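Just below is one structure, and these are the notes that go with it.
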Amino acid sequence: MTAWNADTEAAASESGSVTVVEGSSFCISSGTGDISADSGTYGAFFQDTRIVSHWILRINGSLREPLGAQRPKPFEAVFVGRAKGSRRQFDGPLVVRQHRHVGPGLQDDITLENYSAEPVECEVELFVDADQSDLFDVKVGRSSRQPDSVRTVRDGQLVIESARNGQRRGTAVRARGADVTTDGLRFHVTVPARGKWATSVIVVPLINGEAPAGAFSEDGLPHHREGVRRHRNWEQKVPVITVADANLQNVLNRSQSDLGSLRIFDPHHPERAAVAAGAPWFMALFGRDSILASYMSLMVDPTLAAGTLQTLAGLQGTKVDQDSEEEPGRIPHEVRLGVTAGLALGGTAYYGTADATPLFAALVGELSRWGLSRDIVEPLLPHVDRALEWIEHYGDRDGDGFVEYIRPNDHGLVNQGWKDSWDGINFADGTMAEAPIALCEVQAYVYGAYVGRSLLAHWSGDRALEQHWEARAAELKAAFNEKFWLPDKGYFAVALDKDKRPVDACTSNMGHCLWMGIVDEDKAASVVEHLMSPQMFTGWGIRTLGSDMGAYNPVSYHNGSVWPHDSALVATGLMRYGFVEEARQLATGLFDAAEYFDGRLPELFCGFDRGEFQAPVPYPTACSPQAWAAAAPVQLIRALLRFDPVFTRGVVHLAPILPEALGDFQAANVLLDTSRITIRAHGTGGSIDGLPPGLKLLAEPRPPLAYPPQVYPAQGA
């Protein structure tokens with residue numbers, strides 16, 4: 001087990017920490033706004049490098065008394081505190097406000113307000129350090145100040161620089177009116193009676209001595225920055241959702257806002273947004289995570305899926321490289337920018353995942369169903385075909401028709417599915433499976449890729465190609481249901497191991513197989529019975545591993561915890577096979593859980609039964625916000641609406657099964673093709689206003705198991 005495989009999960013953050021994020025930049029601090037060098041994971045980060053590792057504000061030699069912290073926007077926070085008074089004063093008269101903005105650096109607007117009738121003289125000190133540690137080192141506690149770190153005062157600013165791997169990273173800190181020393185900034189000020197004093201502290205990251213484009217400055221207010229404009233534009237364009245249930249209203253609003261904050265932009269294509277995996281530690285492009293999150297976000301913004309696919313297409317593998325695990329046609333697992341990323345992963349782009357490539361092809365097919373223009377979809381078709389070639393020539397390593405994984409080096413991921421912790425794949429008795437491993441859900445994703453390519457061929461009028469991929473999908477489905485089915489247990493093996501033995505643990509993975517439709521209809525009821533059993537369903541969500549399995553641990557990362565995105569895909573699968581009440585029960589459990597997390601579902605939470613505790617138990621290192629957790633409520637409401645556009649067949653399905661307790665639901669401004677539609681629903685009734693011309697509304701669910709032309713005879717396709 002390598003350090004990389006031990007630490008695929010997020011690092012722990014201290015209780016009460018505050019995280020602000022914009023694109024790939026983020027800052028984690030205490031609830032006072034301070035960042036202590038002893039706090040481990042705190043700091044401000046730019047391009048996967050910690051540009052601030054120590055940030056302590058003192059007024060007259062003392063720390064502030066914290067009063068509160070708020071996060072009005074994802075990229076800003078406001079900290080309020082009180083400066084400690086003299087020994088003769090019970091209440092100090094100075095209130096300290098610190099308004100923090102994160103982006104290509106950091107800006108702290110600091111205000112002292114004097115509520116006394118006398119002027120107050122004080123010394124304001126800001127102690128600063130920047131260790132320039134790589135995000136990976138910080139995350140696992142290996143960070144330390146670089147021995148070659150140089151601190152200088154020049155041009156009225158403190159500059160802290162270190163050389164790492166042939167690149168010079170630095171931080172410049174300044175503020176008007178400050179006395180700058182190698183320790184930080186000092187201000188000698190008199191705050192007028194009933195008056196204020198204010199300053200703005202600017203932090204600029206440096207790469208080989210150069211500041212990034214759009215860095216903070218005294219000349220431009222933070223709300224004029226490009227990142228802020230992008231977020232405001234996002235808020236104006238996303239759907240306006242109103243629902244009678246106040247908790248669900250809060251959850252869906254929070255999801256949309258978080259998805260907007262987790263977008264990242266390609267500097268070479270600034271109009272193209274992709275979704276990062278999650279804050280704070282995974283503010284980077286992840287193949288699987290970004291694809292699944294953007295799929296589940298289609299009802300919020302389908303262009304997010306388009307941007308994610310376009311960005312990943314530009315990184316698609318072209319050669320064989322055992323170090324980074326790149327292979328022709330392979331979609332990367334993760335992309336990083338830090339100067340030591342290559343040391344941890346074998347390159348700034350690491351390709352060690354079995355599922356991102358088939359998911360890429362499946363999502364392109366989904367975009368054609370959603371009505372995205374040919375200008376977006378057609379340029380992606382060559383990349384889809386290269387992905388399918390990877391499946392055949394590299395993914396299927398032994399020619400048995402299934403995609404397997406085994407790392408070719410000693411530093412890559414041991415497990416290369418979504419449960420990528422080192423101990424994530426095991427037998428019912430707790431014994432770990434050995435690679436090469438063929439995961440059940442990866443075969444389902446491959447099935448989805450074949451179906452998607454068939455759909456794309458139908459879209460372009462190539463009947464021969466459509467039939468070819470239909471046949472490949474049918475062949476894989478038959479083989480899967482033969483080799484992965486465990487008739488004595490009544491569910492699917494999570495995987496086949498190196499000896500082609502079924503790995504017989506009962507896991508949530510088979511719920512993904514329902515979602516993709518690879519499960520034979522005669523086996524679905526038994527699968528659903530196991531997924532919704534007390535061993536799997538906690539009342540809040542589906543456990544990753546059954547409580548009667550040998551490796552079960554409700555406080556593990558992948559062996560008994562509940563992941564909202566996982567449960568949302570399971571619910572979608574339940575709905576796809578017609579298990580309506582079970583899907584509704586699962587969705588309601590997740591919505592109830594979100595209420596205990598202030599409307600924001602975390603990356604995961606512990607797998608304790610709902611009857612054991614009054615609230616879901618948080619997992620200590622869960623990312624929040626996290627992209628596919630933020631997208632899960634959107635996917636759940638889409639599943640409950642049974643809202644499915646099928647532009648390739650000229651129809652859109654809407655057959656709601658909303659719980660009556662949710663009341664009236666409306667989503668206005670939903671983007672469909674180039675139209676903005678309004679969806680209304682209550683219980684089992686629904687309507688759509690503003691449908692694009694030529695699209696027929698069907699008040700029935702999408703045919704559950706496949707996309708054969710005969711299920712849409714009215715379209716003659």
Side-chain angles (χ1 to χ4, degrees), residues 288-289 291-299 305 354-356 358-367 369-370 403 417-419 439-452 455 473 476-477 480-481 484 491-492 494 506-521 523-532 536-537 541-544 562-580 582-587 590 628-629 631-646 653 657 701-707:
R288 170 203 318 120
D289 302 52
I291 289 171
L292 287 178
S294 59
Y295 164 80
M296 292 192 290
S297 305
L298 282 169
M299 204 168 89
D355 49 15
L359 282 170
F360 174 91
L363 182 56
V364 176
E366 185 73 14
L367 288 192
R369 292 178 61 245
W370 200 265
V403 170
W418 86 261
K419 295 178 180 176
L439 292 168
C440 68
E441 78 273 18
V442 171
Q443 316 319 312
Y445 301 158
V446 173
Y447 175 77
Y450 292 168
V451 170
L455 189 68
L476 175 60
K477 184 173 184 177
F480 173 82
N481 281 272
F484 280 77
Y491 57 77
F492 286 96
V494 64
C506 185
T507 69
S508 62
N509 302 53
M510 60 185 171
H512 294 224
C513 300
L514 291 174
W515 165 47
M516 281 292 178
I518 197 173
V519 175
D520 282 343
E521 194 167 6
K523 299 177 176 65
S526 182
V527 171
V528 173
E529 182 180 354
H530 282 88
L531 286 169
M532 297 302 293
M536 291 295 289
F537 181 48
I542 302 294
R543 292 186 178 100
T544 46
V562 173
W563 289 63
H565 90 280
D566 181 40
S567 291
L569 293 176
V570 172
T572 306
L574 297 176
M575 194 71 77
R576 182 170 195 178
Y577 279 77
F579 293 90
V580 171
E582 291 85 351
R584 188 154 45 191
Q585 184 182 3
L586 179 50
L590 285 167
W628 56 18
V634 179
Q635 177 62 26
L636 287 169
I637 201 67
R638 180 185 167 195
L640 290 173
L641 290 168
R642 294 195 286 189
F643 173 62
D644 274 296
V646 190
H653 298 271
I657 48 96
R702 177 167 64 92
L705 300 180
Y707 306 85

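All values below come from the heavy atoms of this structure, side chains included, with hydrogens, waters and symmetry mates left out. Bear in mind that the values here come from a model prediction, so they are computed numbers and not experimental data.
- Side-chain contact between Glu582 and Phe537 is absent, with no heavy atoms from C-beta onward closer than 4.5 Å.
- For the side-chain contact (heavy atoms from CB on, under 4.5 Å) criterion with Val446, the lone passing option out of Leu476, Leu359, Ile518, Val451 is Leu476.
- If you take CG on Leu292 and OH on Tyr445, they are separated by 5.5 Å, rounding to the nearest 0.5 Å.
- Residue Trp628 holds its CH2 atom at 8.5 Å from CG of Asp566, rounded to the nearest 0.5 Å.
- Taking the six-membered ring where the residue is Trp, Tyr491 and His530 present perpendicular rings, their angle passing 60° and hence far from 30°.
- Minimum heavy-atom separation, Ala524 to Leu514: CB-CD2, 4.3 Å.
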Evaluate the side-chain contact (heavy atoms from CB on, under 4.5 Å) criterion for residues Met296 and Leu636: first the C-alpha distance (whole Å), next the side-chain angles of each, then the deciding distance (0.1 Å), finally the verdict. CA-CA 9 Å; Met296 292 192 290; Leu636 287 169; over 6 Å; no

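- Among all heavy-atom pairs drawn from Thr507 and Met536, the shortest one is C-CE, 3.4 Å.
- Of the possible polar contacts, one joining the Arg584 side chain to the Ile657 backbone as a donor-acceptor pair under 3.5 Å is found.
- Atom CG of Leu439 sits about 8.0 Å away from atom CZ of Phe484, to the nearest 0.5 Å.
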Would you check, one step at a time, whether the test side-chain contact (heavy atoms from CB on, under 4.5 Å) holds for Thr544 with Trp418? CA-CA 11 Å; Thr544 46; Trp418 86 261; 3.7 Å; yes

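- Taking CD of Glu366 as the reference point, atom CG of Leu455 lies at 8.5 Å (rounded to 0.5 Å).
- Residues Ser508 and Arg543 share a closest heavy-atom pair of CB-O, 3.4 Å.
- Between Phe492 and Phe480, the ring planes lie parallel to each other; the angle is under 30°, not in the 30° to 60° tilted range.
- A pairwise comparison of heavy atoms in Ser297 and Ala631 identifies OG-CB, 3.4 Å as the closest pair.
- Considering only heavy atoms from C-beta on, Met510 stays 4.5 Å or farther from Val519 through its side chain.
- Across every non-hydrogen atom of Leu590 and Ala568, the tightest pair is CD1-N, 4.1 Å.
- The six-membered or imidazole ring of Tyr295 lies near that of Trp515, with a centre-to-centre distance under 6.0 Å.
- Between Asn509 atom CG and Lys419 atom NZ the span is 3.5 Å, to the nearest 0.5 Å.
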Using the rule given for side-chain contact (heavy atoms from CB on, under 4.5 Å), can you reason through Met532 versus Ile542, listing the C-alpha separation, both sets of side-chain angles and the distance that settles it, and then say yes or no? CA-CA 8 Å; Met532 297 302 293; Ile542 302 294; 4.1 Å; yes

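- A distance of 7.5 Å separates CG in Asp289 from NE2 in His565, rounded to the nearest 0.5 Å.
- Annotation for Arg576 and Arg702: closest pair NH2-NH1, 3.8 Å, computed over non-hydrogen atoms.
- Side-chain contact between Val403 and Gln443 is present, with heavy atoms from C-beta onward closer than 4.5 Å.
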